[in-house]
Amino acid sequence: SPDVFDPELRKVLPFKTMLQMMASCPRRFSETYHQFSEYLSEVELNCGCPSPKVVSHAAGSSLLKETKIFSDFVHEISSKIGAENFCVKIRTGYNNTDLFYDLIDSLKSLNLKKLTIHGRTKAQKYTGFSRMDLIHAASKRVSFPVIASGDVVDLESFDKALKKMPNIKGLLIGRGALKNPFVFKELENPDFKISQNSRFLWYALYSYALLVELYKSNYEKLRILILEGLCDEVFLDSEEKWKRLFEFLYEALFEQSYSPSLAHSVSTVTLGRVKLLWGNFLQGFMSSMDGRDILRVKNSFFFFRDFDFLL
């Protein structure tokens with residue numbers, strides 16, 4: 001529903017949002033965009049998702065199988081909504097990169113708002129390395145902005161990507177932020193460091209759980225908190241700030257102060273999301289920590305108790 005793009009929230013949030021959709025029918029994509037056009041100035045067609053479910057419905061990266069199919073699809077949408085509002089996201093190919101330059105050249109006549117390229121093929125999914133050389137070549141081949149995606153997880157990889165692709169107009173950080181959610185703070189402040197044995201992490205992960213639970217159980221309350229300034233400060237950089245946020249969210253959700261011995265549990269669905277995030281941490285900036293045992297815990301009270309022991 002277009003209502004999810006709350007105009008009041010958009011005014012106070014410290015970041016911009018855009019609509020990204022996958023589709024197997026250009027007409028339906030265009031019709032859906034026009035439902036949202038009052039709220040958003042641009043839309044992105046995702047031709048990069050490698051999910052088997054998406055691909056089996058002729059959407060996502062399945063559009064990269066043949067240049068003509070891709071070109072006709074994109075050009076039809078552009079003619080219906082206007083290239084100045086239209087963004088496209090692709091990978092470097094389907095099974096291989098043989099058609100990459102043909103795919104790029106098929107877009108040349110469009111004045112896209114931007115083109116985002118994930119430097120892997122559909123077959124690679126998220127394995128191997130991003131082909132920054134191909135993204136760099138594409139950025140010199142078209143007149144509209146090219147955004148690079150893939151393999152940026154920290155300041156070092158960010159700087160490396162910019163050196164390899166000097167013509168790009170931006171870098172997209174997706175799964176890298178799941179493995180290191182503090183990457184944006186590191187890019188903002190190169191001196192920022194986080195200890196793996198810091199209480200900082202406990203408050204941050206628990207705050208995430210509380211936000212998810214509050215969103216699910218009382219969205220209107222969360223909406224009001226955001227309008228009142230909950231998200232005014234982003235990239236919290238100290239244990240004290242995370243502690244204050246945690247205590248505030250805990251009281252907002254459970255209507256009482258936090259007590260370690262009487263802590264409320266969050267739902268199993270929320271705990272599942274927390275475990276998913278923790279699993280990504282263990283593949284990323286927490287890779288040196290032996291923390292997989294707590295993924296077996298079935299109750300959030302014991303999960304955060306055992307997480308506390310780890311730290």
[X] side, atom [atom1]; [Y] side, atom [atom2] - distance, nearest 0.5 Å:
X	Y	atom1	atom2	value
Leu214	Lys221	CG	NZ	7.0 Å
Glu247	Leu210	CD	CG	11.0 Å
Leu13	Phe15	CG	CZ	4.5 Å
Lys122	Asn95	NZ	CG	6.5 Å
Met165	Arg131	CE	CZ	12.5 Å
Ile135	Ile104	CD1	CD1	9.5 Å

State, yes or no, whether a side-chain contact exists between [X] and [Y] at a heavy-atom distance under 4.5 Å.
X	Y	result
Glu233	Lys241	yes
Leu107	Leu115	yes
Leu310	Trp202	no
Val43	Gln20	no
Lys169	Ile147	yes
Glu44	Lys114	yes
Pro50	Arg120	no
Cys47	Phe73	no

Determine, using ring centers only, whether Trp242 and Phe246 are less than 6.0 Å apart.
no
Is the Tyr33-Phe29 ring centre distance short of 6.0 angstrom?
no
Does one hydrophobic cluster hold both [X] and [Y], with members joined at side-chain heavy-atom distances below 4.5 Å?
X	Y	answer
Leu172	Val152	no
Met18	Val234	no
Ile69	Met22	no
Leu222	Val12	yes

Count the heavy atoms of every other residue, nucleotide or ligand shown that sit under 6.0 Å from [atom1] of [X], and state whether that count exceeds 12.
X	atom1	answer
Lys160	NZ	no
Asp290	CG	no
Lys216	NZ	yes
Tyr215	OH	no
Glu255	CD	no
His57	NE2	no
Glu220	CD	yes

May I ask you to decide if [Y]'s main-chain N or O and [X]'s side chain share a donor-acceptor pair within less than 3.5 Å?
X	Y	answer
Thr97	Gly93	no
Thr32	Arg28	yes
Ser71	Thr67	no
Ser207	Tyr203	yes

For a quick test of reading the model, state the closest non-hydrogen atom pair linking [X] to [Y] and the distance between them.
X	Y	result
Leu201	Phe307	O-CE2, 3.9 Å
Cys231	Pro14	O-CG, 3.2 Å
Tyr219	Leu9	OH-CD1, 3.4 Å
Val55	Ser61	CG2-OG, 3.6 Å
Ser62	Tyr94	CA-CE1, 3.9 Å
Ser139	Val146	CA-CG2, 3.7 Å

What side-chain donor-acceptor pairs closer than 3.5 Å can you find for residues 80-91, not counting sequence neighbours?
{"residue": "Asn85", "atom": "ND2", "partner": "Ile81", "partner atom": "O", "Å": "3.1"}
{"residue": "Arg91", "atom": "NE", "partner": "Gly48", "partner atom": "O", "Å": "2.6"}
{"residue": "Arg91", "atom": "NH1", "partner": "Thr121", "partner atom": "O", "Å": "2.8"}
{"residue": "Arg91", "atom": "NH1", "partner": "Lys125", "partner atom": "O", "Å": "2.7"}
{"residue": "Arg91", "atom": "NH2", "partner": "Lys125", "partner atom": "O", "Å": "3.2"}

In a check of side-chain contact (heavy atoms from CB on, under 4.5 Å) between Thr92 and each of Asp98, Leu64, Leu134, Leu103, which one passes?
Leu134
Name each donor-acceptor pair under 3.5 Å that joins a side chain in residues 174-184 to protein atoms two or more places apart or in another chain, with its distance.
{"residue": "Asn180", "atom": "OD1", "partner": "Phe182", "partner atom": "N", "Å": "3.2"}
{"residue": "Asn180", "atom": "ND2", "partner": "Val153", "partner atom": "O", "Å": "3.0"}

Decide yes or no on side-chain contact (heavy atoms from CB on, under 4.5 Å) for Leu19 and Met21, but give the supporting numbers first.
CA-CA 7 Å; Leu19 177 65; Met21 297 190 292; 3.9 Å; yes
Between [X] and [Y], does at least one N-O distance fall below 4.0 Å, as a salt bridge requires?
X	Y	value
Asp105	Arg141	yes
Arg27	Glu31	yes
Asp6	Arg10	no
Arg223	Glu8	yes
Lys163	Asp159	no
Glu188	Lys185	yes

Axial cation check for Phe303 ring with Arg305, 6.0 Å and 45° limits
no
Name each donor-acceptor pair under 3.5 Å that joins a side chain in residues 269-278 to protein atoms two or more places apart or in another chain, with its distance.
{"residue": "Thr270", "atom": "OG1", "partner": "Glu213", "partner atom": "OE1", "Å": "2.4"}
{"residue": "Thr270", "atom": "OG1", "partner": "Ser267", "partner atom": "OG", "Å": "3.2"}
{"residue": "Lys275", "atom": "NZ", "partner": "Leu295", "partner atom": "O", "Å": "3.0"}
{"residue": "Lys275", "atom": "NZ", "partner": "Val297", "partner atom": "O", "Å": "2.3"}
{"residue": "Trp278", "atom": "NE1", "partner": "Gly291", "partner atom": "O", "Å": "2.9"}

Once you measure the plane-to-plane angle for Tyr206 and Tyr250, does it fall in the parallel (<30°), tilted (30-60°) or perpendicular (>60°) bin?
perpendicular
Test Ile77 against Leu45 for side-chain contact (heavy atoms from CB on, under 4.5 Å), laying out the working first.
CA-CA 9 Å; Ile77 292 175; Leu45 171 66; 4.0 Å; yes
Pair Gln256-His264, side-chain contact (heavy atoms from CB on, under 4.5 Å): steps then yes or no:
CA-CA 10 Å; Gln256 67 180 67; His264 289 267; 3.4 Å; yes
If you apply the rule side-chain contact (heavy atoms from CB on, under 4.5 Å), what do you find for Leu63 with Val74, and how did you get there?
CA-CA 10 Å; Leu63 293 170; Val74 173; over 6 Å; no
Regarding Ser157 and Asp151, is there a side-chain donor-to-acceptor distance under 3.5 Å anywhere?
no
